[in-house]
Trainee: 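Here it is, the structure, as structure tokens.
Numbering starts at 1 and runs along the sequence shown. Predicted, not measured: the structure shown is a model, and the values here were computed from it.
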Amino acid sequence: MTRLISLFVCSLLSLASHALDIPEIFGNDMVLQQNTQCKIWGWAAAGNYVQVVTGWDNAAYTVEAGKDGSWRVEVKTPSASYSKYEITFAEYSYNPLVVKSERKTDAVALKKVEGVLIGEVWFCSGQSNMEMPLGGFWNCPVEGANETILKSQNYRHAIRVATIAKDGKQEPQKKVAGKWEVACPANASRFSACAYYFATTIVDALDVPVGIINCSWGGSCVEGWLPKEILLTYPDGLIPMDDTDYHAKMVMYNGMLYPLAGYTVKGFLWNQGESNVGREKEYVDRFCTMTRLWRKMWNQPGDPLPIYTVELPAYRYGDANAVDAAKFRAAQHQIARELEHAGCVCTSDLMYEHEIDQIHGCKKREIGERLAYLALTRDYGVVGLGADAPEFEYMQEVDANADDRMVIAGTAVEKNPKAAGKVMHLYFTNSTDGFDRMANIEGFEAQDTDGMWHKAIVWSSSAWQNVERQGCFLTLACPEIDKIVNVRYCYNNFAIGKLHNSRGLPVVPFTTEK
């Protein structure tokens, strides 16, 4: 009996000395991207062999651990389904493909992962408006959260979320905490609200499992998600900060992003910018650099890895009537137009008046849905769905016709002789079927020759003759000024957009100023 106990203890010690080390992201209830070669990695004793067996096809993948103990395999995944699979990891002191043993088990370490789903995986990052959970922040609720949390049980079979621990580091790390959780009321209050609504929309549209990796940190700037070697090329370089400082540069990249880079995904969702307001010119370059770096790190040949971003929310930002945030939003949409496989959802209509000093708007459902609309149309081939918001294209000055003069005459400037003067025709993309109202359109301003801005009168028109381009457009007038030099819409730090196209997507804020 003593001898048997000794042998058993020795066996346990042997297992411990060679125990497999697998990142938590490859744990129970994980979601793997369908129809791909999914990367899986970990560590073992240097020179030992690791065999990974996938439950959906019983395929075995064998690899030798390197001098540092690291190993990596790529497993072939099937089409998405709600079937739950197992993945078995075994470490051997020899190559099991060459040496055949008659023992029932001769692995020095064994691990089994259960409840694995095959579906669509999205990597979500940014600052607090991506981090914000369904349960909300202090005095910052998510609209409709209680109902959403209750109904999360309806997605128990389909949605998994891995929330990555906040862990800033000065050097790149191998691992970071973040286990997968099943959608249910007990877990859902901790899920990123924005990402969760994205996931439910994808599930409803495609009827496939969805996995969300939420790797975000409130208050982080774009530089926090870039590595040291890139930051050192910038004029502002690196400012020494504590790892727990959410404004610190590179620490999110090192401690949170780097350990996950390569987990096979469909694309990226990004909700960040508040910490970079006022630096929109450098943001364009740095965000594009970050995106291209991430795509290189994920190394998925033939996959464009799209990135869909969220427009900066309306907020006071020191002065509600200033335009610092408006300039930043314009930069975000510039990125969406110029960066390959990118898009930006407009949120100009998603704040309430009382949220002027609340940067965490409560309307997260609409943001998640609009992000999903981009993915569904661009990456999943859904036809007939409106996804792109109306954007200003150009304007044309014309003589006011009889109908125009009638509209103008019905305003507060009824008897102004200038009402018979010039008007502007404003043309927009993604508005073929017109807008959601014909009159009482607010938020437009006209600039005079002295640079002063005035409230403009705007109404929706449609004509099929005598216009440069047939279809729907907006007519703008400002009879109180002699000459309209520029036009702008919702171009302030805090301005709530109330104009949408026929699909309910808001007009993107803009200015014609150069």
Side-chain angles (χ1 to χ4, degrees), residues 22-36 38 40 42 52 54-56 75 77-89 111-125 130-136 142 144-166 175-216 256 259-260 263-267 269 364-365 368-369 371-372 375:
I22 302 169
E24 197 167 34
I25 197 67
F26 297 114
N28 291 338
D29 299 315
M30 69 174 165
V31 183
L32 294 178
Q33 180 64 35
Q34 67 168 324
N35 296 321
T36 58
C38 280
I40 297 178
V52 180
T54 50
W56 50 86
V75 302
T77 56
S79 297
S81 76
Y82 296 113
S83 299
K84 295 181 181 179
Y85 299 106
E86 293 181 350
I87 298 179
T88 302
F89 300 86
K111 286 193 176 183
K112 182 182 291 185
V113 172
E114 299 176 324
V116 178
L117 291 178
I118 309 297
E120 293 296 310
V121 184
W122 286 81
F123 188 90
C124 306
S125 190
M130 178 62 84
E131 177 189 341
M132 187 175 182
L134 282 168
V142 171
N146 222 32
E147 180 184 9
T148 299
I149 291 169
L150 176 62
K151 291 183 177 179
S152 64
Q153 60 192 347
N154 298 333
Y155 294 94
R156 183 187 296 271
H157 67 295
I159 294 178
R160 307 284 187 269
V161 177
T163 302
I164 305 306
K166 296 179 183 177
K175 294 188 294 181
V176 64
K179 65 180 181 179
W180 290 92
E181 293 186 299
V182 176
C184 67
N187 297 331
S189 65
R190 298 188 295 272
F191 294 168
S192 161
C194 177
Y196 182 76
Y197 285 122
F198 171 87
T200 58
T201 308
I202 297 295
V203 171
D204 291 346
L206 303 180
D207 194 21
V208 297
V210 172
I212 295 293
I213 301 174
N214 174 22
C215 183
S216 55
M256 299 170 65
L260 302 171
Y263 190 103
T264 308
V265 298
K266 184 67 174 182
L269 304 180
K364 292 294 187 283
R365 179 191 298 273
E369 290 174 344
L371 287 168

Trainee: So for atom CG, which belongs to N146, do other residues, nucleotides or ligands contribute more than 12 heavy atoms lying within a distance under 6.0 Å?
Mentor: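 No, because the 6.0 Å sphere around CG of N146 holds 12 heavy atoms or fewer from other groups.
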
Trainee: CG of L117 to CG of D29: how many Å apart, nearest 0.5 Å?
Mentor: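 Going from the CG atom of L117 to the CG atom of D29 covers 7.5 Å.
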
Trainee: Distance-only, no hydrogens or angles: does the Q33 side chain make a donor-acceptor pair with backbone N or O of V121 under 3.5 Å?
Mentor: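 Such a contact is found between Q33 side chain and V121 backbone.
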
Trainee: Where do N35 and T77 come nearest, in terms of heavy atoms and distance?
Mentor: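 Looks like N-OG1, 3.1 Å.
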
Trainee: To the nearest 0.5 Å, what is the distance between CD on E181 and CZ on R160?
Mentor: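 Here the interatomic distance stands at 11.0 Å.
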
Trainee: Taking the side chain as everything from C-beta on, heavy atoms only, tell me whether V31 gets closer than 4.5 Å to V210.
Mentor: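 No, too far: nothing below the 4.5 Å cut-off.
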
Trainee: Taking all non-hydrogen atoms of both residues into account, name the closest pair between F89 and V113 and its distance.
Mentor: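 Scanning both residues completely, I find the closest heavy atoms to be CE1-CG2, 3.7 Å.
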
Trainee: Would you give the length of the straight line joining atom CD1 of I25 to atom CD1 of I213, rounded to the nearest 0.5 angstrom?
Mentor: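 Those atoms lie 4.0 Å apart.
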
Trainee: In the structure I gave you, are the side-chain heavy atoms of V75 and W56 within less than 4.5 Å of one another anywhere?
Mentor: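 Yes. Closest side-chain heavy atoms under 4.5 Å.
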
Trainee: Donor-acceptor pair, distance only, cut-off 3.5 Å: does the side chain of Y82 make one with the backbone of V208?
Mentor: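 Here the side-chain-to-backbone pair exists.
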
Trainee: Classify the ring geometry between F191 and Y196 as parallel (under 30°), tilted (30 to 60°) or perpendicular (over 60°).
Mentor: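 Rings of F191 and Y196: tilted, as their planes differ by 30° to 60°.
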
Trainee: Atom CD1 of I118 and atom CE of M30: how far apart are they, to the nearest 0.5 Å?
Mentor: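 It comes to 8.0 Å.
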
Trainee: Could you point out which residue of F123, F26, W122 forms a ring-ring contact (aromatic ring centres under 6.0 Å, His included) with Y263?
Mentor: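 Testing each of F123, F26, W122 against Y263, the sole residue satisfying ring-ring contact (aromatic ring centres under 6.0 Å, His included) is F26.
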
Trainee: Ignoring hydrogens, what is the shortest heavy-atom contact between P23 and G42? Give both atom names and the distance.
Mentor: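 Nearest pair, atom of P23 first, then G42: CD-CA, 4.0 Å.
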
Trainee: With distance as the sole test, does S192 use its side chain to make a donor-acceptor pair with the main-chain N or O of E131 at under 3.5 Å?
Mentor: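 No.
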
Trainee: Taking E114's backbone N and O only, do any of them form a donor-acceptor pair with E86's side chain (distance below 3.5 Å, no angle check)?
Mentor: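 Looks like no, no N/O pair under 3.5 Å.
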
Trainee: Nearest 0.5 angstrom please: S152 OG to N187 CG, how far?
Mentor: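 It comes to 8.0 Å.
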
Trainee: Return the minimal non-hydrogen interatomic distance between C38 and T264, and the atom names on each side.
Mentor: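 For C38 and T264, the tightest heavy-atom pair comes out as CA-OG1, 3.3 Å.
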
Trainee: Measure the CD1-CE distance between I164 and M256 for me, rounded to the nearest 0.5 Å.
Mentor: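 Here the rounded value is 7.0 Å.
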
